[in-house]
Amino acid sequence: MATKTAWGGRFTQDLDARASRFLASVDVDSRLAEEDIEGSLAHAEMLCAIGVLKAEDLVAVQRGLGTIRDEVRAGTFPWDAAKEDVHMNVEAALTAREGDVGARLHTGRSRNDQVATDMRLFARRSCGEVGDALDALASALVTRAEHEVDTLLPAYTHMQRAQPNRLAHHLLAWVEMLHRDRGRLDDAARRMNESPLGSGAVCGTTFPLDRARTAAALGFDAPTRNSLDATASRDFLLELLAALSIAAVNLSRLAEELVLWSTQEFGFVEMADAHTTGSSMMPQKKNPDVAEVVRGKSGRVVGDLVALLVVTKGLPLGYNRDLQEDKAPVFDAVDTVRDSALVLAEAVAALAFRRDRMRAALAQGFVVATEVADYLAAKGVPFRHAHEVAGRLVARALEDGKELAQLPLAVYREAHALFDADIFHALDPEVAIERRDIPGAPARTRVLAAIADAKARLAARGAR
Ligand code: ARG
């Protein structure tokens with residue numbers, strides 16, 4: 001006669017101590033306690049509705065899980081690594097407190113559909129949370145943009161001064177990227193919103209579970225359609241991690257720009273003391289650490305995506321224990337992107353723009369050279385020829401150590417007969433910007449409309 005073991009009658013020996021420690025995941029997945037309890041409550045209620053669980057058993061389950069949830073929230077729940085994972089810990093605690101009903105709760109359910117359900121609930125919630133954090137950053141940028149409509153600076157391509165721009169238009173570019181980042185999270189949340197409960201370990205269950213009922217109770221659109229897929233697939237998490245990786249890379253780019261703009265060489269921004277640090281050796285230093293660490297942490301998020309891609313790539317159907325490794329990367333990526341967005345939102349709200357430095361950068365570097373070419377093209381000169389003429393004028397200005405606006409009209413006329421005195425008007429950066437009056441361009445009214453549009457989109461989401 002076999003002795004009683006943790007895994008029941010099939011086993012004569014308990015799990016080796018080192019193996020047990022190695023397999024245990026509760027240190028990581030205890031974070032799913034809320035989702036696990038939520039799923040169990042829905043399952044129990046449904047079991048009662050189909051007559052598998054007595055009404056008084058349901059009451060006991062609800063009472064037991066309720067106290068367990070309270071203890072988890074209070075941080076007093078006695079997590080036990082010997083009980084392997086969050087599911088076993090919660091179930092064992094329920095059985096210890098409420099007796100046999102704890103053992104009945106698992107009727108028609110496996111940890112395979114249970115954990116898949118928990119992760120979908122967690123991932124769905126995370127999409128909303130991270131999305132809100134991205135929106136907070138977008139809101140901070142829009143608020144700054146509203147006050148910088150008339151702040152002019154060069155736009156860059158290849159890191160070379162390219163054309164005059166409004167700071168508001170520049171800031172709104174980041175807002176667009178954040179808007180898409182949020183959209184990707186919303187898309188992923190929609191697609192993952194199906195309930196695996198009832199898929200069992202791999203091929204469903206013999207109990208006549210009401211899957212639509214548990215799906216509805218948990219806010220899922222419908223039950224999943226295939227039990228193997230539901231228990232063995234984690235592409236909903238890959239999608240989340242991919243969306244988070246793209247968002248992290250976008251945050252990193254924004255952070256990099258803050259680092260660059262904080263340099264003495266640029267000097268376009270000064271980050272607040274609250275988001276910078278000094279040096280233990282060099283008393284003059286004010287380092288943009290918050291931005292640097294956001295930039296650095298993006299590497300971990302991309303690593304999280306790669307980790308789960310590699311975990312899943314060789315797995316045949318159905319569930320394999322390798323899938324337990326899905327949690328750490330998902331938790332890490334969610335936390336990292338949410339925290340990065342929130343800290344950047346505060347840093348952006350608090351930083352100072354050096355309008356004088358931005359404006360001064362416009363005065364050098366021939367940022368209005370395109371205007372010279374456009375001027376001739378508007379008078380009928382083929383643009384390629386006009387571009388050639390403007391290029392020669394830039395070369396001449398370089399030779400003379402002047403800016404384009406400082407060359408005399410005679411030099412312009414020498415270059416092309418169609419130049420008149422109004423060319424100097426066209427070379428005013430403000431005029432150059434205002435003439436870019438098409439959708440998506442930085443003319444003042446276009447930027448004001450873009451700000452209103454960005455605010456409306458953010459408000460519509462806030463209202464949801
Ligand atoms: N901790 C496991 C996981 O995260 C739960 C499912 C375990 N299933 C099993 N058959 N051992 O994947």
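Because the structure is a prediction, the values reported are computed rather than measured. Indexing begins at 1, ligand by ligand and atom by atom, following the structure's order.
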Looking only at atom types and distance, does a side-chain atom of D210 sit under 3.5 Å from a main-chain N or O of M46, one as donor and one as acceptor?
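The answer is no, because no donor-acceptor pair under 3.5 Å joins these two groups.
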Who's closest to atom 11 (N) of ligand 1 heavy-atom-wise, of R111, H87, E84?
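Comparing heavy atoms across R111, H87, E84, the nearest one to atom 11 (N) of ligand 1 lies in R111.
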Among T231, N112, L32, which one puts a heavy atom closest to atom 8 (N) of ligand 1?
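Residue with the shortest heavy-atom distance to the ligand atom: N112.
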Step-by-step salt bridge (charged side-chain N to carboxylate O under 4.0 Å, His left out) determination, D186 to R182:
CA-CA 6 Å; D186 290 346; R182 163 131 223 185; 3.5 Å; yes
Quiz question: by atom type and distance under 3.5 Å, do the side chains of D85 and S25 form a donor-acceptor pair?
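Looking only at side-chain atoms, S25 and D85 do not form any donor-acceptor pair under 3.5 Å.
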Of all the atoms in ligand 1, which lie at a distance below 4.0 Å from a heavy atom belonging to S25?
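That gives atoms 1 (N) of ligand 1.
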Which ligand 1 atoms are under 4.0 Å away from a heavy-atom of D85?
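Per the distance check, 1 (N), 2 (C), 5 (C).
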Should the pair E239-R191 be classified as a salt bridge under the 4.0 Å nitrogen-to-oxygen rule?
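A salt bridge is present here (some side-chain N lies under 4.0 Å from a carboxylate O).
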Is the shortest distance from a Lys or Arg side-chain nitrogen in E434 or R446 to a carboxylate oxygen in the other one below 4.0 Å?
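Looking at R446 together with E434, the answer is no, because their closest N to O distance does not fall below 4.0 Å.
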Top protein contact for atom 7 (C) of ligand 1, by heavy-atom distance:
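I find the closest protein heavy atom is Y319 OH, 3.5 Å.
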Can you tell which part of K327 has a heavy atom less than 4.0 Å from ligand 1: side chain, backbone, both or neither?
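Within the 4.0 Å criterion, K327 contacts ligand 1 through side-chain atoms alone.
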